[in-house]
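Please read the structure below before turning to the comments.
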Amino acid sequence: QVHLVESGGGQVQAGGSLRLSCASSQSMNAMGWFRQAPGEQREFVASINSRGATIYTSSVKGRFTISRDSAKNTVDLQMDSLYPEDTAVYYCAANQYVGSLINPGHWGQGTQVTISS
């Protein structure tokens, strides 16, 4: 079975930084991140495919950077200049063969990110 395991969540003050990591038990094409705030829909944050093409939701462009190490089956999300509005549970997502996360085939358990004012 495929497992995605996130790490790096925590609590920081507004303006601070966090780096999230996700390790997959299998190689993947598309890998990336969604987030879900309390009472809100889960939303796409960022993705990277096996060719290195990246997509970011507009609210995080210029602040978040997604990267991957395909040899290790890992994907990272460097989050800088964090806002309280970034507070959410962040979920790693992946597709083994599809190069996008329109319909993720695999999900991690989620990691809490809390940004305090």
Side-chain angles (χ1 to χ4, degrees):
Q1 302 299 311
V2 171
H3 298 278
L4 301 177
V5 180
E6 303 101 330
S7 61
Q11 181 172 318
V12 296
Q13 292 182 303
S17 297
L18 284 172
R19 187 175 183 91
L20 305 182
S21 295
C22 174
S24 173
S25 61
Q26 300 288 336
S27 63
M28 297 287 164
N29 191 337
M31 299 187 72
W33 300 87
F34 288 69
R35 66 186 181 186
Q36 187 167 22
E40 301 292 330
Q41 297 275 147
R42 188 171 298 187
E43 68 170 347
F44 170 79
V45 177
S47 67
I48 184 167
N49 68 16
S50 61
R51 293 185 176 273
T54 58
I55 302 174
Y56 298 91
T57 193
S58 60
S59 63
V60 308
K61 286 182 179 178
R63 300 189 298 121
F64 292 9
T65 303
I66 191 167
S67 61
R68 70 185 290 159
D69 185 339
S70 294
K72 297 180 180 179
N73 299 328
T74 60
V75 61
D76 289 355
L77 187 68
Q78 177 66 43
M79 305 186 294
D80 298 321
S81 302
L82 285 161
Y83 304 149
E85 301 88 81
D86 294 315
T87 294
V89 177
Y90 283 69
Y91 296 90
C92 182
N95 274 318
Q96 189 169 4
Y97 304 112
V98 178
S100 74
L101 293 179
I102 296 174
N103 297 113
H106 306 283
W107 293 93
Q109 81 287 350
T111 185
Q112 178 70 47
V113 170
T114 301
I115 314 303
S116 59
S117 300

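Bear in mind the structure is a predicted one, so any value in this text is a computation, not a measurement.
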Query raised in the report: Between Pro84 and Ala14, which heavy-atom pair has the shortest distance, and what is it?
Result: CD-CB, 4.0 Å
Report summary line: Interatomic distance, CZ@Arg35 vs CG@Leu77, rounded to 0.5 Å, equals 9.5 Å
Query raised in the report: Can any side-chain N or O of Ser81 pair as donor or acceptor with the backbone N or O of Arg63 at less than 3.5 Å?
Result: no
Report summary line: Between the NE2 atom in His106 and the CD atom in Gln26, the distance rounded to the nearest 0.5 Å is 8.5 Å
Query raised in the report: More than 12 foreign heavy atoms under 6.0 Å from CD of Glu85: is that the case here?
Result: yes
Query raised in the report: Between Tyr56 and Leu101, is there a shared hydrophobic cluster once you connect ILVMFWY residues whose side-chain heavy atoms come closer than 4.5 Å?
Result: no
Query raised in the report: How far does SG of Cys22 sit from NE2 of His3, to the nearest 0.5 angstrom?
Result: 12.5 Å
Query - Partner of Ser21 by side chain to side chain donor-acceptor pair (under 3.5 Å), out of Thr111, Asp76, Thr74, Asp69 - result: Asp76
Query raised in the report: With distance as the sole test, does Glu6 use its side chain to make a donor-acceptor pair with the main-chain N or O of Gln109 at under 3.5 Å?
Result: yes
Report task. Look up atom CZ in Arg68 and atom OG1 in Thr54, then write down how far apart they are to the nearest 0.5 Å. Result -> 11.5 Å
Query raised in the report: Can you check whether Asn103 reaches Val98 side chain to side chain, under 4.5 Å on heavy atoms?
Result: no
**Report entry** By ring-ring contact (aromatic ring centres under 6.0 Å, His included) - contacts of Phe34 (at least two apart)
**Finding:** Phe44, Trp107
Query raised in the report: Is there a chain of hydrophobic side chains (I, L, V, M, F, W, Y, each step under 4.5 Å between heavy atoms) that links Val2 to Trp33?
Result: yes
Query raised in the report: Does a side chain donor of either Ser27 or Asn73 reach within less than 3.5 Å of an acceptor in the other side chain?
Result: no
Query raised in the report: For the atom pair CD1 (Ile48) and CD1 (Ile66), what is the distance rounded to the nearest 0.5 Å?
Result: 6.0 Å
Query raised in the report: Atom CG in Leu20, atom CZ in Phe64: separation rounded to 0.5 Å?
Result: 8.0 Å
Query raised in the report: Do any N or O atoms from the side chain of Tyr91 and from the backbone of Gln36 form a donor-acceptor pair under 3.5 angstrom?
Result: no
Query raised in the report: Backbone N or O of Asn29 within a donor-acceptor pair of the Asn95 side chain at under 3.5 Å?
Result: no
**Report entry** Residues Gln112, Thr87; criterion side chain to side chain contact (heavy atoms under 4.5 Å, CB included); working and verdict
**Finding:** CA-CA 8 Å; Gln112 178 70 47; Thr87 294; 4.0 Å; yes
Query - Minimum heavy-atom distance between Ser67 and Val75, given as atom pair plus value - result: O-CG2, 3.1 Å
Report summary line: Nearest heavy-atom contact between Met31 and Ala94 is CG-CB, 4.1 Å
**Report entry** Least distance between heavy atoms, Val113 atom then Met79 atom
**Finding:** CG2-CE, 4.0 Å
Query raised in the report: Does the side chain of Asp80 come under 3.5 Å of the side chain of Gln78 through a donor N or O and an acceptor N or O?
Result: yes
Requested in this report: Please report the shortest heavy-atom distance between Val12 and Ser17, naming the atom on each side.
Outcome: CG1-O, 3.8 Å
